[in-house]
Chemist: 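Here's a structure for you.
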There are 2 protein chains.
Amino acid sequence: MTAAETAIETIQREMTVFARRARASAGRMHPELSLVSYTLLGHLEESGGCRATDLAAHYVLDKSTVSRQVAALERTGLIERRQDPADHRVQVLRLTPAGQEILDRVTRSRRAVFRERLTDWPEEDLKRFAGYLERYNAAASGPAAG
Amino acid sequence: MTAAETAIETIQREMTVFARRARASAGRMHPELSLVSYTLLGHLEESGGCRATDLAAHYVLDKSTVSRQVAALERTGLIERRQDPADHRVQVLRLTPAGQEILDRVTRSRRAVFRERLTDWPEEDLKRFAGYLERYNAAASGPAAG
DNA sequence: CGAATCAAGTTGTACGGTGCAACCAGGGAG
DNA sequence: CTCCCTGGTTGCACCGTACAACTTGATTCG
């Protein structure tokens, strides 16, 4: 096995380890907001409001899944739906102040955890690692996505 | 925000993206072996056989969860249980030939996917990326694990 | 215009993975 | 022998997910 193949093997293994841990730990970290809910709220924040269908497309989820997630988020008052006057089928989803508040809180908390984990990394390594991850994810969302 | 903080922000975001995608894509990639089953089989291969409790400890899973996973893997003939003659409570789990075969197959398939994603990366970057991931995961499994 | 078609969301149903609590069975310490 | 510990199973509940059927509103085309 070449050095490159060994590295790929390691990347595969470590990514798998990370993936396996992520959900459970996210749940333990923030009982009030699952990883899914967190990412959905985050997308609403970035986009400044979008439709359920957009969320489904962006996260490659079934629309029924998104529908239920959205319903739950509305029930707990973190988002609100507004009928689009131009098209009565669509509901524009937006963060409520409460949703924004909890999203900020969880983001801060997550950031603190990551910051601690990466605390003694040289800046140069942090920048390279960030770049690698972006590059990897970009490749993974292209052909044969996943 | 300093450059280091920006990098940490990116790492956090990209890791989250990856985590969110991983399970679903793993399921789509190999319908015959979930990500969990895959990692459990992998651990049995590396360890050359161990107890359910060891798996639970290693992967931070409830023993009931492992018990069911193991039961399913035995049902499908991928692993076998053998009573430990020295302690009748413990069952030593081992890969069956069928289990080894399917583990090899899925490993090859996963490896191919990763290889393709990383195909045009310079070897130097691959090695660094692998190192960063190992380092990150090691930090994440230490204090405040997850 | 009206019928067929398409798009956005909801609901019923089913499944997999998970945790907690209660339990059972075997081992070890006093 | 009794008490407690440990390995494992089972009942129950929950979440996230997909698929399929359906509803409602928009669009297209004869």
Side-chain angles (χ1 to χ4, degrees), chain A residues 16 19-41 49-76 78-94 146, chain B residues 16 19-41 49-76 78-93 145-146:
Chain A
T16 304
R20 204 182 29 65
R21 278 186 191 148
R23 284 206 189 202
S25 69
R28 282 190 273 268
M29 257 195 258
H30 324 285
E32 75 264 37
L33 204 58
S34 75
L35 186 58
V36 184
S37 303
Y38 176 71
T39 55
L40 295 185
L41 290 188
C50 69
R51 306 171 305 166
T53 294
D54 299 332
L55 293 176
H58 192 262
Y59 293 112
V60 198
L61 291 171
D62 192 82
K63 56 185 180 163
S64 66
T65 300
V66 174
S67 174
R68 283 179 237 272
Q69 291 288 340
V70 162
L73 289 173
E74 190 194 24
R75 228 178 296 122
T76 48
L78 304 187
I79 68 174
E80 63 180 10
R81 303 145 120 147
R82 278 211 342 236
Q83 289 281 327
D84 180 344
D87 184 340
H88 271 210
R89 289 171 307 178
V90 338
Q91 304 173 347
V92 177
L93 308 174
R94 294 202 43 205
Chain B
T16 304
R20 203 181 29 64
R21 279 185 190 149
R23 284 205 188 201
S25 69
R28 282 191 272 270
M29 256 197 257
H30 324 285
E32 76 265 36
L33 204 58
S34 75
L35 187 57
V36 184
S37 304
Y38 176 71
T39 56
L40 294 185
L41 290 188
C50 68
R51 305 171 304 166
T53 295
D54 299 332
L55 293 176
H58 192 259
Y59 292 112
V60 198
L61 291 171
D62 193 80
K63 56 184 182 164
S64 66
T65 301
V66 173
S67 175
R68 284 179 240 273
Q69 291 288 340
V70 161
L73 289 172
E74 189 194 25
R75 226 178 299 122
T76 49
L78 303 188
I79 69 174
E80 64 180 10
R81 304 147 122 145
R82 276 208 346 233
Q83 288 282 330
D84 180 342
D87 183 340
H88 270 209
R89 287 170 306 179
V90 338
Q91 305 172 349
V92 177
L93 308 174

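Numbered from 1 within each chain, the chains take letters A, B, ... in sequence-line order.
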Chemist: Could you tell me how far apart A/L93 (CG) and C/dG9 (P) are, to the nearest whole angstrom?
Modeler: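 Going from CG in A/L93 over to P in C/dG9 covers 7 Å.
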
Chemist: Counting the atoms with a prime plus P, OP1 and OP2 as sugar-phosphate, which does A/R51 contact under 4.0 Å by heavy atoms, base, sugar-phosphate, or nothing?
Modeler: sugar-phosphate

Chemist: Tell me the interatomic distance from B/D62, atom CG, to D/dA13, atom C1', rounded to whole angstroms.
Modeler: 13 Å

Chemist: Are any side-chain N or O atoms of A/D87 and backbone N or O atoms of A/D84, one a donor and one an acceptor, separated by less than 3.5 Å?
Modeler: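 No, the answer is negative, given that no donor and acceptor are paired below the 3.5 Å cut-off.
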
Chemist: Closer than 4.0 Å, any side-chain N/O of B/Q91 to the OP1 or OP2 of D/dT9?
Modeler: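 B/Q91 to D/dT9 OP1/OP2: side-chain N or O found under 4.0 Å.
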
Chemist: Would one find a side-chain N or O of B/Q69 under 4.0 angstrom from OP1 or OP2 of C/dT18?
Modeler: yes

Chemist: Is the closest side-chain donor-acceptor distance between B/S64 and B/S67 under 3.5 Å?
Modeler: no

Chemist: How many Å lie between CD on B/Q83 and P on C/dG26, as a whole number?
Modeler: 9 Å

Chemist: Can you tell me if A/S67 touches the phosphate of C/dG9, counting only side-chain N or O atoms and a distance under 4.0 Å to OP1 or OP2?
Modeler: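 Looking at the OP1 and OP2 atoms of C/dG9, neither is under 4.0 Å from any side-chain N or O of A/S67.
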
Chemist: Find which nucleotide of DNA chain D each of A/S37 and B/R81 is nearest to by heavy atoms, and output the residue with the more 5' nucleotide.
Modeler: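 Taking each residue's closest nucleotide, the earlier one in sequence belongs to B/R81.
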
Chemist: Which whole-number value in Å describes the distance from B/L73 CG to D/dG8 C1'?
Modeler: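 Computing the B/L73:CG to D/dG8:C1' distance gives 16 Å.
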
Chemist: Which sits closer to the 5' end of DNA chain C, B/K63 or B/R68, going by the nucleotide each is nearest to?
Modeler: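 The residue whose closest nucleotide sits nearer the 5' end is B/R68.
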
Chemist: Please state whether the phosphate of D/dG8, meaning OP1 or OP2, lies under 4.0 angstrom from any side-chain nitrogen or oxygen of B/T53.
Modeler: yes

Chemist: Could you tell me whether A/D87 contacts a base, only the sugar-phosphate backbone, or nothing, with contacts defined as non-hydrogen atoms closer than 4.0 Å?
Modeler: sugar-phosphate

Chemist: Please determine whether a side-chain nitrogen or oxygen atom of B/S64 lies at a distance below 4.0 Å from atom OP1 or OP2 of C/dA21.
Modeler: no

Chemist: Under 4.0 Å between a side-chain N/O of B/T65 and OP1 or OP2 of C/dG17, yes or no?
Modeler: no

Chemist: Classify the side chain of B/R89 and the base of D/dT6 as holding, or not holding, a donor-acceptor pair under 3.5 Å.
Modeler: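 Yes, the side chain and the base share a sub-3.5 Å donor-acceptor pair.
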
Chemist: Carefully, step by step, assess B/L40 and B/Y59 under the rule side-chain contact (heavy atoms from CB on, under 4.5 Å).
Modeler: CA-CA 9 Å; B/L40 294 185; B/Y59 292 112; 3.7 Å; yes

Chemist: When rounded to the nearest 0.5 angstrom, what distance separates CZ in A/R89 from CZ in A/R51?
Modeler: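 The CZ atom of A/R51 is 8.5 Å from CZ of A/R89, to the nearest 0.5 Å.
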
Chemist: Could you tell me the separation between the CZ atom of A/R75 and the P atom of D/dC15, rounded to a whole number of Å?
Modeler: 9 Å

Chemist: In whole angstroms, how far is the P atom of C/dC20 from the CG atom of B/L61?
Modeler: 11 Å

Chemist: Nearest whole Å is fine: how far is D/dT6 C1' from B/L55 CG?
Modeler: 16 Å

Chemist: Whole Å only: how far is the CG atom of B/L35 from the C1' atom of C/dG17?
Modeler: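 B/L35 atom CG is separated from C/dG17 atom C1' by 11 Å.
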
Chemist: Can you confirm whether B/R81 is buried at CZ, in the sense that more than 12 heavy atoms of other residues, nucleotides or ligands lie under 6.0 Å from that atom?
Modeler: yes

